[in-house]
Amino acid sequence: MPKFLSVLFALLLCGSLLPAQAQPLRNLVHVEGIRDNQLIGYGIVVGLDGSGDNSQVKFTGQAVANLLKQLGLQQGEQADPKVKNVAAVTVSAVLPPGYRRGQTIDVTVSSLGDAKSLRGGTLLLTQLRAADGEIYALAQGNVVIAGLSAQGKSGSSITVNTPTSGRIPNGASVEREIASDFDSGPSVHLSLKKPNFETATNVVNAINQRYGRIASTRNATAIEVQAPTDPTARVAFVARLQALNVNVGGELPRVVFNSRTGTVVVSQGVTVRPAAVSHGSLKVVISERQQVSQPGAFSNGTTVAVPESQLRVEQGEGRMFQWPAGARLQSIIDTVNSTGATPDDIMAILQALDQAGAIDGELVVI
């Protein structure tokens, strides 16, 4: 196993051996009625230096034709504008809670067609809609691109970061406010980010100890807290609530695999039952090369290339792992690490142990 993985496991072990510490309530809950809202729209970016969509992208031409028609320029029904300095894009933004009309928000612009780069482009006026279909903001401005793309006549090219996606700081102005029920009703509702019965109980106890019996819960997620009806007093009350320290409940020990990157994270508390695992590797190597067949003199034959394939099977050393009952994370790491195993080997070993019912914990694949 690479050293950095061993260090990662060791840090996780040392950190998890420390007693659980209290966290501010703001880290644990969301306040209902106070949340972000996603906006999206379709627009076009103009002013590109020949790096826009090709003529095969039909909706870009339709968007340009519709724009010209709105500006009073009439074209024939069969007109199909072909311009390489225009790109169709999607425009997305996040509308924070409580924003008023006239305030500005950042927007993200991403190519929808086959444009090579949006560098130097300008987004034309774009309507941003929410899930209900209503328009909540209008976006326009110069696109800031962190990447670049260049190509020579021979076909050689170089790309840095992603030149087909960028941002417009303060590029959209809010035109419609989103109503919130935060200041209505006799109570404030809190939702745990990670549902947990123990954490919900700790939150209720901490609030009741500080302010009296004003908090209650009916499940592992929702907590209801009686709050002042005056809006100013309610905001101050929630601010004090968010600063309240609460002990976090215990979580189920997990082993998390990222199959795309080969990352393996094992949390403290994962133990194994008596088990023995044999793990080996089988490698099949196929190599191809061309042999030249030269005909004999005066045979009237021709020189031809004959393919030649070589197959080789390599069997790695099989290794047997054995852990006693209740072996903890450090024992598993030391044993596997001493054999030079890779993250893929660890995934295979732990998955086999889980299938055998020898792991006390949960396996999660992301």
Side-chain angles (χ1 to χ4, degrees), residues 36-96 104-175 258-263 366:
D36 294 334
N37 294 272
Q38 307 298 323
L39 305 179
I40 190 171
Y42 170 84
I44 58 175
V45 172
V46 300
L48 304 177
D49 187 16
S51 60
D53 293 335
N54 291 324
S55 58
Q56 289 83 358
V57 183
K58 299 299 182 183
F59 50 80
T60 302
Q62 294 174 2
V64 172
N66 291 337
L67 174 63
L68 295 178
K69 185 176 180 180
Q70 293 176 6
L71 296 177
L73 300 178
Q74 299 295 333
Q75 292 184 313
E77 295 182 358
Q78 303 298 327
D80 184 14
K82 295 181 175 59
V83 287
K84 294 186 178 180
N85 61 342
V86 178
V89 295
T90 57
V91 184
S92 58
V94 175
L95 180 58
T104 58
I105 56 177
D106 297 345
V107 298
T108 299
V109 181
S110 303
S111 173
L112 192 61
D114 58 1
K116 297 180 177 61
S117 175
L118 300 180
R119 178 176 290 275
T122 300
L123 174 70
L124 297 185
L125 190 63
T126 302
Q127 300 173 347
L128 299 183
R129 303 174 184 268
D132 59 1
E134 298 293 337
I135 300 173
Y136 285 88
L138 298 176
Q140 183 170 275
N142 297 325
V143 184
V144 178
I145 302 295
L148 62 89
S149 177
Q151 183 174 358
K153 294 183 178 179
S154 64
S156 301
S157 62
I158 183 172
T159 301
V160 179
N161 296 330
T162 306
T164 54
S165 179
R167 291 178 64 83
I168 306 178
N170 299 319
S173 60
V174 178
E175 299 297 329
N258 189 322
S259 57
R260 297 181 298 275
T261 63
T263 304
I366 60 176

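These figures come from a predicted structure and were not determined experimentally. The residues of the chain are indexed from 1 along the displayed sequence.
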ask   = Looking only at heavy atoms, which two atoms of Q38 and V94 are closest? And how far apart?
value = OE1-CG2, 3.4 Å

task = Check T108 against R167 and note the closest heavy-atom contact, atom names and distance.
result = OG1-NH1, 3.1 Å

task = Take K116 and T164, measure what side-chain contact (heavy atoms from CB on, under 4.5 Å) needs, and give me the verdict at the end.
result = CA-CA 6 Å; K116 297 180 177 61; T164 54; 5.9 Å; no

message = Show the nearest heavy-atom pair for residues S111 and V89, with the distance to one decimal.
response = CA-CG1, 4.0 Å

ask   = Can you tell if the side chain of L118 reaches within under 4.5 Å of the side chain of L48, non-hydrogen atoms only?
value = yes

Could you give the side-chain donor-acceptor pairs of residues 130-137 under 3.5 Å, partners two or more places apart or in another chain?
{"residue": "D132", "atom": "OD1", "partner": "E134", "partner atom": "N", "Å": "3.1"}
{"residue": "D132", "atom": "OD2", "partner": "Y136", "partner atom": "OH", "Å": "2.7"}
{"residue": "E134", "atom": "OE1", "partner": "R176", "partner atom": "NH2", "Å": "3.2"}

query = Which heavy atom of G121 sits nearest a heavy atom of V45, and at what distance?
reply = CA-CG1, 3.5 Å

remark   = Residues I105 and A93: closest non-hydrogen pair is CD1-CB, 3.9 Å

ask   = Are the side chain of S117 and the backbone N or O of A115 linked by a donor-acceptor pair below 3.5 Å?
value = no

request  = List for me each residue that meets side-chain hydrogen bond (donor to acceptor under 3.5 Å, both in side chains) alongside S92, sequence neighbours excluded, and say none if there are none.
outcome  = none

note = The reported gap from CG in L128 to CG in N37 (rounded to nearest 0.5 angstrom) is 12.5 Å

request  = Looking only at non-hydrogen atoms, find the nearest pair between V107 and A139 and report the distance.
outcome  = CG1-CB, 4.1 Å

inquiry  = Would you say that R129 contacts L39 through its side chain, given a criterion of any heavy-atom pair below 4.5 Å between the two side chains?
reply    = no

Residue among D53, L124, V46 satisfying side chain to side chain contact (heavy atoms under 4.5 Å, CB included) with V86 = V46

ask   = Can you tell me how far CD1 of I44 sits from CG of L125, rounded to the nearest 0.5 angstrom?
value = 11.0 Å

request  = Give a yes or no on this: more than 12 heavy atoms of other residues, nucleotides or ligands lie within 6.0 Å of atom CG of D106.
outcome  = yes

ask   = Does Q140 reach the side chain of T126, with side-chain heavy atoms less than 4.5 Å apart?
value = no

